[in-house]
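As the structure is a computational prediction, the values presented were derived from the model and not from experiment. For reference, positions follow the sequence shown, starting with 1.
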Amino acid sequence: MQSSRPPHTGDRQKTGHSRHPVDDRPHRPDDRRLFRVVLAVPVVLLTLAAAFFLWPAINTRPDGDWDQAAYGGIELACALAVVLAGAVGALWLAPSVRRVMRWPWAVPAVVLGVAAVVRWVSSGA
């Protein structure tokens, strides 16, 4: 059973019979900003993990040509840094991600990946 009272002014906004055009706009949060925040988490974590693995790769010094354990550690650390930096690059290559996160977000990971490749090649294993 419906009420015979006229609708309250607040009810007009709910039913879509508003006179003011601003009241008809949907109230949504900024989707790009939210998407950027959501994507920043894996990008930052993967970049930090790549830096974490690059650090021992750069600071490990083999005792000599016979120190295969040190060379293996350098190669493993470099490989992990390259994989993690590549994951950031692959994530950034998606068109929907590129629209929201510009190239400065991917640059640190790419630099870490290049440094890991240079260290891996120059390790001499």
Requested in this report: Please lay out, stage by stage, how Val88 and Trp105 fare under the test side-chain contact (heavy atoms from CB on, under 4.5 Å).
Outcome: CA-CA 9 Å; Val88 173; Trp105 283 90; over 6 Å; no
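- To the nearest 0.5 angstrom, Thr60 atom OG1 is 11.0 Å from Trp55 atom CH2.
- When every heavy atom of Ala85 is checked against every heavy atom of Ala50, the shortest pair comes out as N-CB, 4.2 Å.
- The CZ atom of Arg119 sits 15.0 Å away from atom CG of Leu112, with the distance rounded to the nearest 0.5 Å.
- Follow the hydrophobic side-chain contacts under 4.5 Å out from Val118 and you never reach Trp120; the two are in separate clusters.
- Linking ILVMFWY side-chain heavy atoms closer than 4.5 Å, directly or via other members, places Val100 and Leu45 in two distinct hydrophobic clusters.
- Here the closest non-hydrogen pair linking Ala116 and Val82 is CB-CG2, 3.7 Å.
- Separation of atoms CD1 (Ile58) and SG (Cys78) is listed at 7.5 Å; rounding is to 0.5 Å.
- Arg98 contributes a side-chain N or O that, together with a main-chain N or O of Leu93, makes up a donor-acceptor pair within less than 3.5 Å.
- In the displayed structure, Trp66 atom CH2 is contacted under 6.0 Å by more than 12 heavy atoms of other residues, nucleotides or ligands.
- Val83 and Trp92 fall into different hydrophobic clusters, where Ile, Leu, Val, Met, Phe, Trp and Tyr are joined by side-chain heavy atoms under 4.5 Å apart, directly or via other members.
- Counting heavy atoms of neighbouring residues, nucleotides and ligands inside a 6.0 Å radius, atom CG of Asp65 does not exceed 12 of them.
- By the rule that hydrophobic residues join a cluster once side-chain heavy atoms approach within less than 4.5 Å of another member, Leu54 and Phe52 end up as members of separate clusters.
- Closest approach of Gly64 and Tyr71 over heavy atoms only: O-CE1, 3.6 Å.
- Under a hydrophobic-cluster definition in which Ile, Leu, Val, Met, Phe, Trp and Tyr are linked whenever side-chain heavy atoms come within less than 4.5 Å, directly or via other members, Phe35 and Val44 are assigned to the same cluster.
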